[in-house]
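Data first, discussion second: the structure below is written as structure tokens.
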Amino acid sequence: MLATSLSLLRSLPRRRTRLLLAFLLAVAIAVPVLGTTATRAAAAAPGPCDIYASGGTPCAAAYSTTRAMFASYNGPLYQIQRDSDHGTRNIGLASAGGPVDAAPQDSFCAGTTCTITELYDQTPNANNLPISPGSSCPGCSGSLSGPGPNGSDIGADAMALPVTIGGRHAYGVLFNNIGTGYRNNAAKNVPTGSQPEGIYMLTSSNLVSSSCCFDFGSAETDDSDDGNATMNAIYYGSACWTGGCTGPGPWVGGDLENGMYFSAAGPNPSSIPSETGSFVSAWEKNNGTTNFTLKYGNGQSGGLTQSYSGALPNGYNPMKVQPSIELGTGGDNSPMGTGEFFEGAVTRGFPSDATENAVQANITAAGYGNNTTTFPPPTTSVISLKAHANGKYVDAPNSTTSLIADATSVGTNETFTMVANNNGTVNLKAHSDNQWVTAENKGDSPLIANRGGPGPWETFYLLHNPDGSVSLRAYNNQHLVTAESAGASPLIANRTAVGPWEEFDLTPA
Ligand code: AHR
């Protein structure tokens, strides 16, 4: 077999030779030699970034909460912080180049809650991902705020996404709360401008959304929308901003800024109505001028399916990528996407199909399993709201008049469809004009039903008060909605505490 392999090697071009060598090395380590026991157990198999390097497209940043991305890596994977005493702890590997040792997390977090506060870059670039600064970073004036201090984002619950890898227990990163996001706005040695770039991540369709944006990859250094082509990230979800998509999704797309593209024109291929699995590998590569390519695969078995390869959308050539790496939000810190993350990397250069196939084989060989955490889907109900301020019903007469509590009975104008998301937030759609209620002007102006879809301004936390009433806190400015002037003026999100004007009876209509 060795002789056959060597003669095969001599006949191949250099890059393919390197790939084949990496593959043979993996096989040699994984398959015990006949008649011997595991005498080579100490040597770790190549990781995804060894394969990318062999293919001539090295990882510029690589993260995982479940395993090493290089055979030689023996550092920490991520940092957690516990609520009880705010102590922090790094979670590392069971062995160099191997899977995570999650046991220290279980004891450290026993009896309290723990948050993932940083994902460590396993490349020498040290492009670590702390919790995103959101709108509080220098120059982030165009950024959407996160729910954390000073508009920063928040970290994921460290215990919320248990899985196994190679039979060992591990945790993924769960993005189920609005504004969960990680970011490095000064990433080193990553592709910029129109330099070619490859990205992959291992995610899951167990938790997806049609909101913006569960992303991983390159984004703007100022957390702001700096225009078309200023980001190059994988988007995974079921949003179809361009219209024309087929099927329910989710799909792997390219978030290239101001659009998540499943093709140059936008929509997914009609032959692929969804890309699902409890582990889904998602792939995007972009040569910066003439081609971007999207693929997906089952993270537990099999190969990759290419869903698109071709021209960039109009207005995206050349790319203008900035040196920032983000995970969990849109480029402008749009905070509404939900998803799961287990591992992923950003490469310098446009990876070959052979390299990506070898990385996919490496992922399936890692033995991911038991991703069984389920999430309730959003629920929908038809409701009315009666203000405690004056005992009148909230009225949304049309798309040009603000909401006000001035009705004595419930008709179409006082009826709303309420979508309750699985993170404690709701969106309200007025029946009068079928438009979503927005806290206009980031909450500075009264509520009005004039939006075509729910985004951050159209999202409210639903608070349940001890007396059975509810209050609404606008996501964007975190202020409570009040029936201003005891109900005589329109509803506006400008209060910091709940009193009678901020209380409403929510009744099925
Ligand atoms: O491209 C889609 C989103 O649009 C980006 O992630 C965000 O920056 C903008 O809102």
Side-chain angles (χ1 to χ4, degrees), residues 129 132-137 139-146 151-153 175 178-185 187 197 199 201 203 208-245 249-268 282 284 286 292 294 308 312-317 319-339 341 344 346 436 438 442 451-459 475-476:
L129 290 180
S132 171
S135 56
S136 63
C137 65
C140 294
S141 52
S143 169
L144 288 168
S145 301
S152 65
D153 285 351
F175 296 80
I178 291 185
T180 307
Y182 299 87
R183 194 149 176 153
N184 182 321
N185 279 334
E197 175 174 31
I199 313 168
M201 72 168 159
T203 180
V208 294
S209 79
S210 58
S211 298
C212 177
C213 287
F214 179 61
D215 285 351
F216 171 59
S218 293
E220 298 92 335
T221 53
D222 59 359
D223 285 33
S224 303
D225 180 346
D226 291 341
N228 292 359
T230 55
M231 57 185 295
N232 181 54
I234 292 176
Y235 165 76
Y236 183 63
S238 47
C240 183
W241 280 18
T242 58
C245 293
W251 312 280
V252 175
D255 188 343
L256 308 179
E257 190 50 275
N258 295 315
M260 298 84 90
Y261 290 90
F262 308 108
S263 62
N268 65 306
E284 194 260 10
N286 189 333
F292 83 111
L294 301 166
Y308 177 76
L312 286 157
N314 279 341
Y316 289 83
N317 173 12
M319 293 296 294
K320 302 164 193 150
V321 174
Q322 301 181 16
S324 166
I325 305 287
E326 65 159 359
L327 172 61
T329 65
D332 59 1
N333 202 44
S334 284
M336 310 283 295
T338 56
F341 178 90
V346 169
W436 296 88
T438 191
K442 295 190 174 177
R451 290 302 198 280
W457 295 13
E458 294 75 44
T459 298
Y475 168 75
N476 210 75

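The chain is numbered in sequence order, starting from 1. Counting starts at 1 for both ligands and their atoms, in listed order.
- A donor-acceptor pair under 3.5 Å is absent between the side-chain atoms of S238 and the main chain of G249, judged by distance alone.
- For the pair D223 and C140, the tightest heavy-atom approach, listed with the atom from each and the gap, is CB-SG, 3.8 Å.
- Each of Y261, F262, Y236 was compared with W251 under the ring-ring contact (aromatic ring centres under 6.0 Å, His included) criterion, and only F262 meets it.
- Looking at E458 and T438, their side chains do bring a donor and an acceptor atom within 3.5 Å of each other.
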Please tabulate, one line per pair, the protein nitrogen or oxygen atoms found under 3.5 angstrom from a nitrogen or oxygen of ligand 1, with distances to 0.1 Å, or say none if there are no such pairs.
from: ligand 1; atom 1: 1 (O); to: D255; atom 2: OD1; distance (Å): 2.6
from: ligand 1; atom 1: 1 (O); to: N258; atom 2: N; distance (Å): 2.8
from: ligand 1; atom 1: 1 (O); to: G259; atom 2: N; distance (Å): 2.7
from: ligand 1; atom 1: 4 (O); to: E257; atom 2: OE1; distance (Å): 3.1
from: ligand 1; atom 1: 6 (O); to: D255; atom 2: OD2; distance (Å): 2.7
from: ligand 1; atom 1: 6 (O); to: G331; atom 2: N; distance (Å): 2.9
from: ligand 1; atom 1: 8 (O); to: E257; atom 2: OE1; distance (Å): 2.9
from: ligand 1; atom 1: 8 (O); to: E257; atom 2: OE2; distance (Å): 2.8
from: ligand 1; atom 1: 8 (O); to: G331; atom 2: N; distance (Å): 3.3
from: ligand 1; atom 1: 8 (O); to: D332; atom 2: N; distance (Å): 2.8
from: ligand 1; atom 1: 8 (O); to: D332; atom 2: OD1; distance (Å): 3.2
from: ligand 1; atom 1: 10 (O); to: D332; atom 2: OD1; distance (Å): 3.4
from: ligand 1; atom 1: 10 (O); to: D332; atom 2: OD2; distance (Å): 2.7

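- Judged by distance alone, the side chains of D226 and S224 never bring a donor and an acceptor atom under 3.5 Å apart.
- Between Y182 and F175, the ring planes are perpendicular. Angles over 60° get that label, and only those under 30° would be called parallel.
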